[in-house]
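Note that the structure is a prediction, hence the values are computed from the model and not measured. Protein chains get the first letters and strands the later ones, always in sequence-line order, with residue 1 at the start of each.
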Amino acid sequence: MEVNLSKIQKIRGFQDIYGEEAKKYRYVVDTFRKVFEFYNFKEIILPYVEDISLFKRSVGEATDIVQKEMYVFTDKGGREVALRPEGTASCVRAYIEEKMYAEGGYHKLFYEGAMFRYERPQAGRYRQFHQIGAEIFGVSSVLADAELISMVDNVLKKLKINYKLEINSLGDFQSRKSYTQNLVNYLKKYENQLCETCQKRIELNPLRVLDCKVPTCKEITKEAPKITEFLSEESQKRFLQLKEYLKALNVDFIENPRLVRGLDYYTDTVFEFITEEIGAQGTVAAGGRYDNLVEQLGGPPTPALGFAAGIERLMLLVKDLPKEKPLITVIPITPDYNIQSIQLSNKLRNINLKSETMLKEGSLKSMLKTADKLKSDFVVFVSDKYELKDMASGQQEIFYTQEDLIEALKDKI
RNA sequence: GAGGGUGUAGCUCAGUAGGCAGAGCACGAGGUUGUGGCCCUCGGGGUCGCGGGUUCAAGUCCCGUCAUCCUCCCCA
């Protein structure tokens, strides 16, 4: 078998992120991390591979994620494992496994990294994609819901992107159950008018029918019972309070009674930050409360909530990146000045100036051209003197000592 | 899983009716023997995504396949 190395390419739905894109990635992530820090969230670094049943039991056996999108394999020890398709499940598992509940108080955690879902790639969707998210364990107060949503709102504002926030309440387990029953009864009356997928949804995931884009389905669900009518008194109170807190925090939101989320574990608060600027995959961040999940996965009853943001989708919306430090490129006029040049570069770096030594040898003309390609803001020609060139204006100044040169540079930067 | 668009130089793309593989930009050298961007000259670069078929002859027509983009489904 002949193998042509030149033809190896990245596999479908995976990507190399480099250059400007890598900067955007870093910018999005760093913006979140800074805000997390001020909200006193602590980082948790989670495994990429988990026992497959973790996702079956949390995300939901019936969901598409579990049914058809997981990267599953058997390891050499015969374990059925999966590349994580989302972060909350692992985070909950860790919370229980590390017995964080025993430490008292409550826990605010954040994570970041790759997730894997075997789907057809399209705009803003990859098979390996990246999320950054946060979870709060051990708090039932609506204050937590409000602060979490407001925190995401803050980050998106810092990133200067256009979005809208939709919120809804799915109610507690009981109200969700009685609502679902009512909805199913209603939908059954119109079953043969619904689209094919919605007909299946009646059994599998009736709430999702509310989200259907098919016009006839929309028409039918318009008159359907609304979840808000089925909320328990407690859930209603919570939802009212959430809205009050959000207003107090100057967070603009839209109430969307049709908003349901795809994952099984949500209770009460759900929210979605949506944009219309990146095509069909408009959700950039989403989350909600999941008060039963910790217990479901074998931990003590623990109220919890969280969110996750799609880094690639946010990258599509980020327009301008923060300004970078100006670049000073040091060019030895002949190889005789190589040593002086590398020493000068080092000196500049040690005083926190960004410096590049011209590593490509050639005519002075070609070196200067390369310096231009590297987007140098300044060039220093090193000979028996130092000539500082401002690349934008083309003006040059001569210095006879490195000290004088550095003083002049400091003034300009 | 279903539907549609696109694969020709590093990049963006042209390639008419099947008849020698092209342009612009980028890259390299020179014009300017110590100075980038503008201009001029010259130059290096291609398994035309891959495999098969039709034909005297295929980038062009046919079949398959892979990749990519977009849409549905679903999700961040």
Side-chain angles (χ1 to χ4, degrees), chain A residues 4 6-15 28 59-60 62-70 84-88 112-133 152 163 195-198 200-201 204-205 208 211-214 260-263 271-275 278-288 306-317 329 331-334 337 358 360 362-385 387-396 398:
Chain A
N4 190 343
S6 68
K7 272 188 182 159
I8 292 179
Q9 48 188 339
K10 59 186 178 290
I11 61 177
R12 175 163 227 194
F14 288 68
Q15 44 170 349
V28 169
V59 176
T63 60
D64 277 24
I65 292 179
V66 168
Q67 290 269 307
K68 49 183 201 190
E69 295 173 4
M70 280 206 292
R84 60 178 188 187
E86 60 114 42
T88 300
E112 175 218 325
M115 306 293 163
F116 301 85
R117 289 183 202 173
Y118 193 90
E119 298 180 88
R120 264 301 228 285
Q122 76 191 64
R125 175 196 283 174
Y126 303 90
R127 288 183 175 177
Q128 179 186 324
F129 61 104
H130 300 82
Q131 287 189 336
I132 184 159
V152 179
Y163 63 90
C195 73
E196 251 179 73
T197 39
C198 279
K200 284 181 205 151
R201 282 172 178 150
L204 282 169
N205 193 351
R208 280 225 71 92
D211 240 8
C212 189
K213 284 159 200 152
V214 177
V260 297
R261 313 243 44 260
L263 287 68
F271 58 89
E272 227 169 278
F273 289 85
I274 300 165
T275 175
I278 53 174
Q281 314 303 320
T283 304
V284 294
F307 86 95
I311 297 172
E312 282 86 354
R313 289 184 188 173
L314 290 169
M315 284 163 64
L316 290 169
L317 295 167
T329 297
I331 300 182
I333 230 154
T334 70
Y337 299 100
M358 177 50 59
K360 204 170 162 184
S363 66
L364 198 61
K365 176 175 172 158
S366 74
M367 287 193 290
L368 189 58
K369 206 170 175 176
T370 302
D372 195 38
K373 291 281 170 222
L374 293 170
K375 298 195 173 72
S376 309
D377 298 284
F378 297 95
V379 161
V380 179
F381 296 105
V382 178
S383 60
D384 52 356
K385 54 189 181 291
E387 280 161 282
L388 175 63
K389 185 185 184 85
D390 180 327
M391 291 296 273
S393 68
Q395 295 203 333
Q396 295 194 188
I398 296 175

Applying a 4.0 Å non-hydrogen cut-off, can you work out what M115(A) is touching in the nucleic acid: base, sugar-phosphate, or nothing? nothing
Listed nucleotide nearest any side-chain atom of D64(A), set C73(B), A76(B), G36(B): C73(B)
Closest heavy-atom pair and its distance - A286(A), T283(A): CB-CG2, 3.9 Å
For nucleotides G5(B) and C63(B), find the distance between their P atoms and express it as a whole number of Å. 13 Å
How long is the gap from CD on E86(A) to CD on E69(A), to the nearest 0.5 Å? 12.0 Å
On a whole-Å scale, what distance lies between the C1' atoms belonging to A57(B) and C72(B)? 44 Å
Under 3.5 Å, is there an N or O donor on one side and an acceptor on the other linking the side chain of K365(A) and the base of U35(B)? no
For U41(B) versus U47(B), give the span between their P atoms, rounded off to a whole number of Å. 28 Å
Using the C1' atom as the point on both nucleotides, what is the distance between G10(B) and C70(B), in whole Å? 26 Å
Residue pair L364(A)/A285(A) against RNA chain B: nearer the 5' end by closest nucleotide is L364(A)
To the nearest Å, how far apart are E119(A) CD and U68(B) C1'? 17 Å
Closest approach of A371(A) and M358(A), non-hydrogen atoms and distance? N-CE, 3.6 Å
What nucleotide, of U35(B), C72(B), C69(B), holds the atom closest to the side chain of P121(A)? C69(B)
Stacking of F381(A) on G34(B) base (centres under 5.5 Å, planes under 30°): no
Quick note, R125(A) side chain, CB onward, closest among G34(B), A76(B), G36(B) is A76(B)
Would M367(A) and I333(A) satisfy side chain to side chain contact (heavy atoms under 4.5 Å, CB included), going step by step from the backbone distance to the final call? CA-CA 9 Å; M367(A) 287 193 290; I333(A) 230 154; over 6 Å; no
Mind checking if K10(A) touches a base, just sugar-phosphate, or nothing, with heavy atoms under 4.0 Å? nothing
Sort out the partner of C20(B) for me: Watson-Crick or G-U wobble, both distances under 3.5 Å, none otherwise. none
In this structure, CG of L314(A) is separated from CZ of F273(A) (nearest 0.5 Å) by 10.5 Å
L388(A) CG to U35(B) P, straight-line distance once rounded to whole Å: 18 Å
Rounding to an integer number of angstrom, what distance separates G18(B) and A23(B) when you compare their C1' atoms? 22 Å
Does Q131(A) have a side-chain nitrogen or oxygen under 4.0 Å from the phosphate oxygens OP1 or OP2 of A76(B)? no
Using a 4.0 Å heavy-atom cut-off, does E86(A) contact any base of the nucleic acid, only the sugar-phosphate backbone, or nothing at all? nothing
Could you tell me the separation between the CD1 atom of I11(A) and the P atom of U68(B), rounded to a whole number of Å? 10 Å
Using only side-chain N and O atoms of K360(A), determine if any of them is under 4.0 Å from OP1 or OP2 of G28(B). yes
Report which part of the nucleic acid G394(A) touches: base, sugar-phosphate, or nothing (heavy-atom distance under 4.0 Å, all strands). base
Taken to the nearest whole Å, CZ/F14(A) to C1'/U68(B) is 16 Å
From CG of D372(A) over to P of G28(B), roughly how many Å is that when rounded to an integer? 12 Å
Rounded C1' spacing from A17(B) to A58(B) in Å: 14 Å
Using a 6.0 Å cut-off, check whether atom OH of Y118(A) has over 12 heavy atoms from anything other than its own residue. no
In whole Å, what is the span from the CG atom of L314(A) to the P atom of A76(B)? 13 Å
I want to verify a distance call: between A76(B), G34(B), U71(B), whose nearest atom is closest to the K385(A) side chain? G34(B)
Looking only at heavy atoms, the pair that brings F129(A) and E312(A) closest together is CA-OE2, 3.5 Å
Measure CD/Q122(A) against P/U68(B) and give the value in whole Å, please. 14 Å
Which one, A76(B), U35(B), U71(B), comes nearest to the side chain of K389(A)? U35(B)
Using the P atoms only, state how far U60(B) lies from G53(B), rounded to an integer number of Å. 14 Å
G1(B) phosphate, OP1 or OP2: any side-chain N/O from R120(A) under 4.0 angstrom? no
Counting the atoms with a prime plus P, OP1 and OP2 as sugar-phosphate, which does A392(A) contact under 4.0 Å by heavy atoms, base, sugar-phosphate, or nothing? base
Give, for atom CG of L374(A) and atom OG1 of T329(A), the distance between the pair rounded to the nearest 0.5 Å. 5.5 Å
Using the P atom as the reference point in each nucleotide, state the distance between A9(B) and G45(B) in Å, no decimals. 15 Å
Picking from A76(B), C73(B), U35(B), which would you name as closest to the side chain of Q396(A)? U35(B)
How would you label the contact of G287(A) with the nucleic acid (heavy atoms, under 4.0 Å): base, sugar-phosphate, or nothing? nothing
Between G13(A) and S366(A), which is nearer to the 5' end of RNA chain B once each is assigned its nearest nucleotide? S366(A)
Starting at atom CE of M367(A), determine the distance to atom C1' of G28(B), rounded to an integer number of angstrom. 16 Å
Considering every strand and a 4.0 Å limit on heavy-atom distances, what is the contact class for A286(A): base, sugar-phosphate, or nothing? sugar-phosphate
